[in-house]
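Each remark here refers to the structure printed beneath this line.
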Amino acid sequence: MSGLSDIQNRIAKAEEAAGRAPGAVTLIAVSKVQPLDRIQAVLTEGYRIFGENRVQEAQGKWPAFMEQFTGVDLHLIGPLQTNKTRQAVDLFSTIHSVDRPKLARKLADLAQERGACPELFLQVNTGEEPQKAGVLPAEADGFVADCRAMELPVRGLMCIPPVDEEPALHFALLAKIAARNGLTGLSMGMSSDFETAISLGATHVRVGSAIFGERGL
Ligand SMILES: *Cc1c(COP(=O)(O)O)cnc(C)c1O
């Protein structure tokens with residue numbers, strides 16, 4: 001058995017504690033790097049919403065699972081190179097890592113060509129970390145406006161807090177930026193902090209190791 005049902009129970013409790021509606025939070029089971037048998041087990045338990053952080057890795061394993069299991073819903077949560085955008089929009093229902101104008105432009109061109117576009121979350125580098133993707137908090141309003149001007153389906157904002165800081169501060173900042181831009185989607189919270197994220201308004205939590213076990217074991 002995976003940790004799936006335990007995490008689902010904890011999400012339900014956190015929703016209730018925060019006065020959120022049951023089912024208000026979507027759990028994305030982050031399957032990156034996990035052995036195939038662990039992913040297969042979660043699919044067999046009936047779960048269908050998964051997150052991957054690399055396009056190529058996802059292309060290597062998900063087409064076969066999608067033949068075997070119907071209704072799989074894949075979310076891209078990691079950095080997207082512009083030259084992989086076409087493959088990404090073919091495979092993923094949702095992209096959580098739109099982090100720069102050039103990528104937004106490419107997504108807009110593909111949306112025009114295809115008449116469809118995945119749902120998008122814009123990544124905000126709330127910790128202003130040089131090595132981390134995402135627009136700076138001060139640039140976020142402008143980036144939201146630019147994406148809307150390109151008619152992109154912006155569902156919300158996403159962040160990955162710095163490892164050594166209190167995540168609640170970053171979740172609260174992301175929620176504030178989203179609210180002032182009229183965005184309701186908040187992709188925030190991982191294995192170690194998803195309950196905190198839910199208390200601060202997360203609509204999508206991205207949980208990997210707490211469901212599948214530690215990566216690389
Ligand atoms: C790996 C990853 C997660 C899941 O991390 P866990 O700590 O295993 O829950 C969530 N979000 C992103 C962007 C990731 O890369």
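All ligand and atom numbering here is 1-based and tracks the order in the structure.
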Proximal ligand 1 atoms for V207, defined as those under 4.0 Å from one of its heavy atoms: 9 (O)

R100-T82 side chain donor-acceptor pair, cut-off 3.5 Å: yes

Where ligand 1 meets G208 - atom numbers and elements under 4.0 angstrom, heavy-atom basis: 4 (C), 6 (P), 8 (O), 9 (O)

Short side-chain donor-acceptor distance under 3.5 Å, E52 and S31: yes

Minimum non-hydrogen distance to atom 6 (P) of ligand 1, winning option of S191, A29, C159, G51: S191

Minimum-distance protein heavy atom relative to atom 10 (C) of ligand 1: M190 SD, 3.2 Å

Which of the ligand 1 atoms, numbered from 1, are nearer than 4.0 Å to a heavy atom of R206: 4 (C), 9 (O), 10 (C), 11 (N), 12 (C), 13 (C)

Check: H96/H204 side-chain N/O donor and acceptor closer than 3.5 Å: no

Nearest protein heavy atom with distance in Å, relative to atom 12 (C) of ligand 1: I77 CD1, 3.4 Å

Where ligand 1 meets I160 - atom numbers and elements under 4.0 angstrom, heavy-atom basis: 13 (C)

Ion pair check, R54 and E57, cut-off under 4.0 Å: no

Heavy atom of H96, distance to ligand 1 below 4.0 Å: no

Distance-only side-chain donor-acceptor flag, Q87 / K84, under 3.5 Å: no

Salt bridge present between R20 and E15 (N-O < 4.0 angstrom): no

Modelled atom types, side-chain donor and acceptor of S209 and R215, under 3.5 Å: no

Nearest candidate to atom 2 (C) of ligand 1, where distance is taken over non-hydrogen atoms, out of R215, M188, K32: K32

